[in-house]
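Have a look at the structure below, then the notes.
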Amino acid sequence: MKGLLLAILGAITGWFLWGLFTKDFDSDSLTMLIMGIVIGNSINKKESEVSE
């Protein structure tokens with residue numbers, strides 16, 4: 001859970017810094033990235049439960 005939180009915070013921080021440099025705060029790509037992180041994490045948890 002801590003890794004998931006850190007990944008999401010890293011994505012938000014990167015999005016914010018990129019937005020500062022480019023003046024383009026497009027939240028659609030951030031939303032899709034966070035959804036991808038959450039879905040990937042849930043798939044990883046399911047696969048690790050099956051292999052145990």
Side-chain angles (χ1 to χ4, degrees):
M1 191 66 168
K2 183 179 177 182
L4 178 63
L5 180 64
L6 288 175
I8 291 173
L9 287 176
I12 292 172
T13 303
W15 168 79
F16 180 73
L17 291 175
W18 184 260
L20 285 177
F21 287 117
T22 62
K23 307 287 191 270
D24 181 27
F25 291 99
D26 182 26
S27 63
D28 292 339
S29 59
L30 176 67
T31 304
M32 291 190 323
L33 176 62
I34 291 175
M35 285 176 47
I37 290 170
V38 171
I39 291 170
N41 186 44
S42 67
I43 290 172
N44 186 25
K45 280 187 178 180
K46 287 179 184 177
E47 287 182 357
S48 65
E49 289 175 359
V50 170
S51 64
E52 289 179 0

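Residue numbers count from 1 along this sequence.
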Quick one: [atom1] on [X] to [atom2] on [Y], what's the gap to the nearest 0.5 Å?
| X | Y | atom1 | atom2 | value |
| --- | --- | --- | --- | --- |
| Ile8 | Thr13 | CD1 | OG1 | 11.5 Å |
| Leu4 | Leu9 | CG | CG | 9.5 Å |
| Asp26 | Leu30 | CG | CG | 9.0 Å |

(message) Students often mix this up, so state it plainly: with edges at 30° and 60°, are the rings of Phe25 and Trp15 parallel, tilted or perpendicular?
(response)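 It falls in the perpendicular class, over 60°.
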Cluster question for you: counting only ILVMFWY and a side-chain heavy-atom cut-off of under 4.5 Å, with indirect links fine, are [X] and [Y] together?
| X | Y | result |
| --- | --- | --- |
| Met32 | Ile43 | no |
| Trp18 | Ile12 | no |
| Phe16 | Leu5 | no |

(message) For Ala11 versus Ile37, what's the shortest heavy-atom pair and its separation?
(response)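 Heavy-atom minimum between the residues: CB-CD1, 4.2 Å.
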